[in-house]
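Notes to accompany the following structure.
For the numbers below, each heavy atom of this structure counts, side chains included, while hydrogens, waters and symmetry mates do not. Counting from 1, the numbers follow the sequence of the chain as shown.
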Amino acid sequence: QVQLVESGGGLVQAGGSPRLSCVVSRSISVINPMSWYRQAPGNQRDLVATITRGGITNYADSVKGRFTMSRDIAKNTVHLQMNSLKPEDTAVYYCNMMTYSSIHYWGQGTQVTVSS
């Protein structure tokens, strides 16, 4: 059983810079792509950022230049540094890990609410 636990969300003013964290209950590996998704009320769950083999990151156009994803192998943790937050960034943010066999594991999500 693999568990992912997100933290770091909350009520943030526009322009704020919180950092989300995701702790995984097993060792993370470069063969396991990890991602952050977000879902606003009434919308689908959208991909925000991904980190893959070699530490290569990719970002949705809506967050490029503002968000940075990183991972700490020793602590089984990935982070999402969020800068210059906008009200449209309000969503539940989910951590995701994919295994070599394409099995996806999800965290419970952490709410980020951006006020203006």
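Remark: D89 does not engage K86 in a salt bridge, criterion side-chain N to carboxylate O under 4.0 Å.
Counting heavy atoms from C-beta on, the side chains of V92 and Y37 never come closer than 4.5 Å. In this structure the side chain of Q108 reaches within 4.5 angstrom of the side chain of E6, judged on heavy atoms. In this structure the side chain of R26 never reaches within 4.5 angstrom of the side chain of N76, judged on heavy atoms.
Between the CG atom of L47 and the CZ atom of R38 there is a distance of 10.5 Å, given to the nearest 0.5 Å. Taken to the nearest 0.5 Å, the CH2 atom of W106 stands 11.0 Å off from the SG atom of C22. One finds the NE2 atom of H79 at 12.5 Å from the OG1 atom of T68 (value rounded to the nearest 0.5 Å). Here NZ of K75 is found 15.0 Å from OG of S27. Values are rounded to the nearest 0.5 Å. Taking CD1 of I51 as the start and CE of M69 as the end, the distance is 6.0 Å to the nearest 0.5 Å. The NE2 atom of H104 sits 12.0 Å away from the CG atom of L4 when rounded to the nearest 0.5 Å.
Residues P18 and L85 approach most closely at CD-CD1, 3.4 Å, considering heavy atoms. Here the closest non-hydrogen pair linking R71 and V78 is CB-CG1, 3.6 Å. Counting all heavy atoms, side chain and backbone alike, V48 lies closest to L80 at CG1-CD2, 4.4 Å. Here the shortest heavy-atom pairing between T77 and I28 reads N-CD1, 3.9 Å. When all heavy atoms are compared, the tightest approach of P87 to S116 is CG-CB, 3.8 Å. Minimum interatomic distance between V112 and G9 (heavy atoms only, all atoms of both residues): CG2-CA, 4.0 Å.
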Subject >> Test side chain to side chain contact (heavy atoms under 4.5 Å, CB included) applied to M82 and V12, step by step >> reply: CA-CA 11 Å; M82 310 166 70; V12 184; over 6 Å; no

**OP:** Applying side chain to side chain contact (heavy atoms under 4.5 Å, CB included), run through W36 and C95 and close with a yes or a no.
**Re:** CA-CA 5 Å; W36 288 96; C95 184; 4.2 Å; yes

Original post:
Can you list the steps and then say if Y94 with L20 is a side chain to side chain contact (heavy atoms under 4.5 Å, CB included)?
Top reply: CA-CA 10 Å; Y94 296 91; L20 306 184; over 6 Å; no

Original post:
Can R45 and N96 be said to form a side chain to side chain contact (heavy atoms under 4.5 Å, CB included), step by step?
Top reply: CA-CA 12 Å; R45 189 171 298 182; N96 171 273; over 6 Å; no

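Although no hydrogens or angles enter the test, the distance criterion places no donor-acceptor pair under 3.5 Å between the side chain of Y59 and the main chain of R66. With hydrogens and angles disregarded, a donor-acceptor distance shorter than 3.5 Å links the side chain of T90 to the backbone of V114.
The cluster map of Ile, Leu, Val, Met, Phe, Trp and Tyr, joined by side-chain heavy atoms under 4.5 Å apart, puts M98 and Y100 in different clusters. Cluster membership for V5 and V2, using ILVMFWY side-chain heavy atoms within less than 4.5 angstrom, is not shared.
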